[in-house]
Number of protein chains: 2
Amino acid sequence: MEVPDIGVLAGQLMRAVQEELFETLAEQGHPDVHPRHETVLAFLDPEGVRATDLAARSGQHKQIIGTILDELVRLGYVTREPDPADRRAKLIVPTERGIDEIAKARAILTAAEERHERSLGAERYAGFKEMLQQVTRDQQAWRQAGPSTA
Amino acid sequence: MEVPDIGVLAGQLMRAVQEELFETLAEQGHPDVHPRHETVLAFLDPEGVRATDLAARSGQHKQIIGTILDELVRLGYVTREPDPADRRAKLIVPTERGIDEIAKARAILTAAEERHERSLGAERYAGFKEMLQQVTRDQQAWRQAGPSTA
DNA sequence: CCAAATTAGTCACGATCATTGACTATCAAT
DNA sequence: ATTGATAGTCAATGATCGTGACTAATTTGG
């Protein structure tokens, strides 16, 4: 069996984590959140965040954020409140249901990582995650350095 | 700054690897291959492979493989040859252009990993990749063990 | 050897998702 | 007050994925 490259491995890992996250969320009372919703939910704040900030932080287009927010509003996870500081903007505020989802999602991901800690050993896993962060940063940095120097 | 979970990290890493791969491929004479094509190209064999095998190995549906193959034929990367052993089947054979693409894709991915090796040190990077494989396997294994025992 | 069940591949349809451009309303700066 | 930038939405398009039905060929069982 060939050893897959880090791109393929990363993709498989992402997909597997997503499957655990959303299947477990479904069991815990949130059957209607999808991976695309999580890119918004992950960046919410009880105080409220502006849609543009969500777009910037998640790296997705404003329009996508808009349709995702439409769904999340319809599903009762967030509300759009007027921003007192800027009448153009709207603050995206999680509802109680939204806060519950966020908490449960965090718990599920923490539990998954704790499994890996037990499997690899806490020390090795800590090193792994640190290296994963650095490799990701370095790989993202190619955008600036690579195309010209290639 | 919060530490992202491994799912987000894996997703970012995958995306960054893909960007480097396809932008560099474009510079090297393959501007029209897309990520979806790679899921087929990665599993090709100069001797020819059957479409069903490609579907099984890549984990995607036959129909998707079919449309990807349509495009790859149109772009001149593969041809559909009759399978002498089974008149229903067709062997997907890479053209010279296809073989060139595969070789260049491998070289780009190898170069990226060598960058990370230099950055982390060969020994640490080897350990990282091994752990990445194990974590991915463990995470995928949740499907069997997790939902019931959760 | 022939009928039934499988398998390889394709066709047609619909659902989801991402990207682009234009548009209104508001803010900020001169 | 005018100009330019920003927040959010609308509309249209293309790319991608998934499902079911279909044809042709193979395999299996009598």
Side-chain angles (χ1 to χ4, degrees), chain A residues 11-12 14-15 18-19 22-23 26 31-45 47-75 78-93, chain B residues 11-12 14-16 18-19 22-23 26 31-45 47-75 77-93:
Chain A
Q12 289 175 345
M14 181 199 66
R15 169 167 290 236
Q18 277 191 349
E19 279 176 0
F22 291 100
E23 289 185 22
D32 31 25
V33 281
H34 291 273
R36 50 196 317 256
H37 299 137
E38 196 60 30
T39 69
V40 164
L41 290 167
F43 294 107
L44 286 185
D45 185 290
E47 307 293 318
V49 189
R50 303 215 287 211
T52 300
D53 289 342
L54 293 173
R57 288 203 229 172
S58 68
Q60 290 193 304
H61 290 203
K62 283 191 299 179
Q63 296 76 0
I64 299 175
I65 301 295
T67 59
I68 293 174
L69 288 176
D70 287 342
E71 292 177 27
L72 289 177
V73 168
R74 184 174 55 80
L75 295 171
V78 303
T79 58
R80 291 190 228 234
E81 312 275 342
D83 184 344
D86 187 337
R87 256 182 293 171
R88 293 170 302 177
K90 292 167 187 170
L91 286 181
I92 310 303
V93 181
Chain B
Q12 289 175 346
M14 183 198 66
R15 170 168 288 237
Q18 276 191 351
E19 280 177 359
F22 291 101
E23 289 185 23
D32 31 25
V33 281
H34 290 271
R36 52 193 316 251
H37 300 137
E38 197 60 30
T39 69
V40 164
L41 290 167
F43 294 108
L44 287 184
D45 186 290
E47 307 293 319
V49 189
R50 303 216 285 210
T52 300
D53 289 341
L54 292 174
R57 287 203 229 172
S58 67
Q60 290 194 307
H61 290 202
K62 282 190 301 178
Q63 298 76 357
I64 299 175
I65 301 294
T67 60
I68 293 175
L69 288 176
D70 287 343
E71 292 177 26
L72 289 177
V73 167
R74 185 175 55 79
L75 295 171
Y77 285 94
V78 303
T79 59
R80 292 190 229 235
E81 312 274 342
D83 184 344
D86 187 336
R87 255 182 295 171
R88 293 171 302 179
K90 291 167 188 170
L91 287 181
I92 310 303
V93 182

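Excluded from the calculations below are hydrogen atoms, water molecules and symmetry mates; all remaining heavy atoms, backbone and side chain alike, are included. In what follows, every chain begins at residue 1, and chains take the letters A, B, ... in the order their sequences are listed.
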Residues of residues 54-61 of chain B with any non-hydrogen atom less than 4.0 angstrom from an atom of DNA chain D: list those, numerically ordered, please.
B:Gln60, B:His61

Contact check, side chains of B:Thr67 and B:Arg36, non-hydrogen atoms, under 4.5 Å
yes

More 5' along DNA chain C: A:Arg87 or A:Glu71, using each one's nearest nucleotide?
A:Glu71

Separation of C:dA18 C1' from A:Ile65 CD1 (nearest whole Å)
12 Å

I need the CZ-C1' distance between A:Arg15 and D:dC17, as an integer number of Å.
10 Å

Considering residues at least two apart in sequence or located in another chain, which fulfil the side-chain contact (heavy atoms from CB on, under 4.5 Å) criterion with B:Thr52?
B:Lys62

Rounded interatomic separation in angstrom, taking NE2 from A:His37 and P from C:dC17:
7 Å

Whole Å only: how far is the CD atom of B:Gln18 from the P atom of C:dA18?
13 Å

Would a 4.5 Å heavy-atom cut-off, applied to side chains only, mark B:Glu71 and B:Tyr77 as touching?
no

Rounded to whole Å, NE2 of B:His34 lies from C1' of C:dC17 at a distance of 16 Å

B:Ile64 CD1 to C:dC11 P, straight-line distance once rounded to whole Å:
16 Å

For nucleotides 6-14 of chain D, read 5' to 3', which letter fits each nucleotide if B means a protein heavy atom sits under 4.0 Å from the base, S means only the sugar-phosphate is that close, and - means neither?
BSBBB----

For A:Val93, which residues count as a side-chain contact (heavy atoms from CB on, under 4.5 Å) partner, sequence neighbours excluded?
A:Thr79, A:Glu81, A:Leu91

When rounded to whole Å, the CG to C1' distance for the pair B:Asp83 and C:dT7 reads 13 Å

Can you sort out the partners of B:Arg88 under side-chain contact (heavy atoms from CB on, under 4.5 Å), two or more places apart, ordered by chain and number?
B:Asp86

Under the side-chain hydrogen bond (donor to acceptor under 3.5 Å, both in side chains) rule, collect the residues that match up with A:Arg80, sequence neighbours excluded.
A:Asp70

Test item: A:Phe22 and A:Val33 side chains (from C-beta on) under 4.5 Å apart, heavy atoms
yes

Looking at A:Val40, A:Ile68, A:Ile65, which one forms a side-chain contact (heavy atoms from CB on, under 4.5 Å) with A:Ser58?
A:Ile65

Nucleotide C:dC11, atom C1' - distance to CD1 of B:Ile68 in whole Å:
17 Å

Close side-chain approach of A:Gln60 to A:Leu54, heavy-atom, < 4.5 Å:
no

